[in-house]
Amino acid sequence: MDTETLENVYTVKTPVFEGPFGILLSMVEDRKLFINDVSLASVTEDYLRYINLLEKTNPLEVASFMIVAATLILIKSKSLLPNLELTAEEESDISNLTDRLKLYEMYIRLGGEIKPIFGKKIIFAPLERKQETVMFLPDNQITKENMMTLVSGVLGRMPKKEFIPEVEVKKVISIEEMIDNLTQRIQTSLRMSFKEWTGKGATKEERVTVIVSFLAMLELVRQGLLEAVQENSFEDIMIERQIEESVSANI
Amino acid sequence: MNLEQKIEAVLFFKGEPVSRKKLGDILEAGMMEINEAIERLKISFEGRGIVLMENENELTLGTAPELSRLFEKMQKEELSKDLSKASLETLSIILYKNGAHRAEIDYIRGVNSSFILRALSVRGLVQKEVDPSDSRKYIYKPTFDVLSFLGVKSVEELPGYRDTIESLNKVSENLDEENKKSEESQSSELEKNENTI
Amino acid sequence: MNLEQKIEAVLFFKGEPVSRKKLGDILEAGMMEINEAIERLKISFEGRGIVLMENENELTLGTAPELSRLFEKMQKEELSKDLSKASLETLSIILYKNGAHRAEIDYIRGVNSSFILRALSVRGLVQKEVDPSDSRKYIYKPTFDVLSFLGVKSVEELPGYRDTIESLNKVSENLDEENKKSEESQSSELEKNENTI
């Protein structure tokens, strides 16, 4: 074994990394809000901006943030488009996220109670007693071969350096990319269907695309570049370019 | 010599955690007798310099937490007393749930916890055991060491334990119900987490 | 916490005879106070499983003589039991390293090894010594008996020694590095905190 491989094999990495819940929670807390739909809608953009940043510095971690992002977008879109009806699954995704955040917050609070008392009033076990006469009591399992097998076994079980999961690298879609794409296409066709543009959302990858596209669309709506219209629930959302009030009204 | 005196003597002699079952074997007494004697023993240990600690079904003796400073000086080894944010979160889950599966911890924290769990195990603050209710699963449990560091004789003495347990259970139950509804997507997510280790 | 509780705790913690004078030094109390507290302590130990014994001004805690047969039997059974896989594994690390710190063993095994190390030393397989290169630390070394039981004059004669020791040394280096890193991050965190105050 050369030293290079050894180094890779016997490293126990303890990355300092804040997960999606931690980020989201600190955003809600920064605004001194409680965890609910309203507060989550208000931090959605910050959260997405954070993902954008993370994409540049730590692209591997983005994937774990995307599932939460999807739910946040649902919450945000509901707040932007009050007539948007959510499916039962989507509704449960939302309440699931808020409940998980509440649970996580409870444990963080409990952690905060533990921190100040940890190591302050320690209960000690008695010191090891001095043995007057040590007997030698071996065991037939103590053989050279066994010792070698055991030591290599335990070394082999040490955590290996993490390998980069290729699948996850591929599917990450940049939000900026999507916004660019949307702006460009909106200029060529003034009116287009959301579904047409993003696909049907059948596979998992397509669904991620739908989510990110939807988010991009909402971002443009917010910026006043687009107007999203959904005439009836479950129906397609129509995206229109907001040129001037009078023009769009005529379409 | 009555049973609680004998139990006290065994715990003193062993100087390490002993299970209720083992006490029964050593002292040739039934579980009921042992349990009753332990309750009486707990009372007789109130207001003493030695404390009786309990973790799950094990018991051990230790020094009163008020005397921490004194014994810290008397023992040579350095103690590491700092906990990172991730360690605190993970510990509080394991402590207040009094044992949790890795999948549960990952689910609550929303991130993979394998590194932090290993670090906590190495420090002796948690221990991995086969789940008695499902032998295919491992459960991470609080150790006597973590209770010692917190100066509590059992998990019940943790700050806010009783008040918290109720609200924790309520939220957890809510989540369980929701999860049952969307079990499919859930299990695939967990599988994915397991694969990335 | 009163003086007799403190005396009880000290005697329990030390586990060996302590003179009245030493108790006074440790607890920063006068001889008169100590003597009075010991009298009260003697009374409070009546009818317990742990007994307070005194021999030529030295005090110690022990168990009642009528239990000595029981404990002898218990110890015999304990010592004649087969070694667990965890114990053998720990022994193998100590052998190949020809002496290891507990932190190293814990880091390699991913769990806390303190009880196992105690069991190994009770059976005369390893011995605990003060680390010559750092007197605050202990090092666990294989005994001569275990080496001769294995039929080797030194650990270098163990099978696959060179590769194994290389891996083991690498692990120790990694551990040192990690410790240094966590120290650094801690001190920088401290600095940060100080700045914000």
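From a predicted model like this one, the values you see are computed outputs, not experimental measurements.
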Next item on the list: Quick one: do A:M158 and C:Y107 satisfy side chain to side chain contact (heavy atoms under 4.5 Å, CB included)? Show the steps, please.
Entry: CA-CA 9 Å; A:M158 286 193 72; C:Y107 181 72; 3.9 Å; yes

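Listed by sequence position, A:F136, A:L137, A:P138, A:D139, A:Q141, A:I142, A:T143, A:K144 are the residues of residues 136-146 of chain A in contact with chain C, using a 4.5 angstrom heavy-atom cutoff.
Looking at C:Y96, the atoms closer than 4.5 Å to chain A (heavy atoms on both sides) all sit in the side chain, from C-beta outward.
The environment of CD in C:E39 is crowded: more than 12 heavy-atom neighbours from other residues, nucleotides or ligands sit within 6.0 Å. Counted within 6.0 Å of CZ on C:F144, heavy atoms from surrounding residues, nucleotides or ligands total 12 or fewer; the atom is thus considered open. Crowding of C:K128 atom NZ: a count of heavy atoms from other residues, nucleotides or ligands under 6.0 Å exceeding 12. Counting non-hydrogen atoms of other residues, nucleotides and ligands closer than 6.0 Å to NZ of A:K102 gives a total above 12. Atom NZ of C:K42 is surrounded by more than 12 heavy atoms from other residues, nucleotides or ligands within 6.0 Å.
The closest side-chain heavy-atom distance from C:E89 to A:M147 is not below 4.5 Å. A:E128 places a side-chain heavy atom less than 4.5 Å from the side chain of C:R118.
Across C:G151, C:S92, C:S121, C:G160, the residue that shares the most heavy-atom pairs under 4.5 angstrom with chain A is C:S92. No other option in C:L95, C:T90, C:L88 has as many heavy-atom pairs under 4.5 Å with chain A as C:L88.
If you take CD1 on C:I93 and CG on A:L150, they are separated by 9.0 Å, rounding to the nearest 0.5 Å.
In terms of heavy-atom proximity, C:F12 sits nearest to A:F124 at CE2-O, 4.2 Å. Taking each heavy atom of C:L79 and A:M135 in turn, the nearest pair found is CD1-CE, 3.8 Å.
For residues 140-149 of chain C, the set of pairs meeting the side-chain hydrogen bond (donor to acceptor under 3.5 Å, both in side chains) definition, not counting sequence neighbours, is empty.
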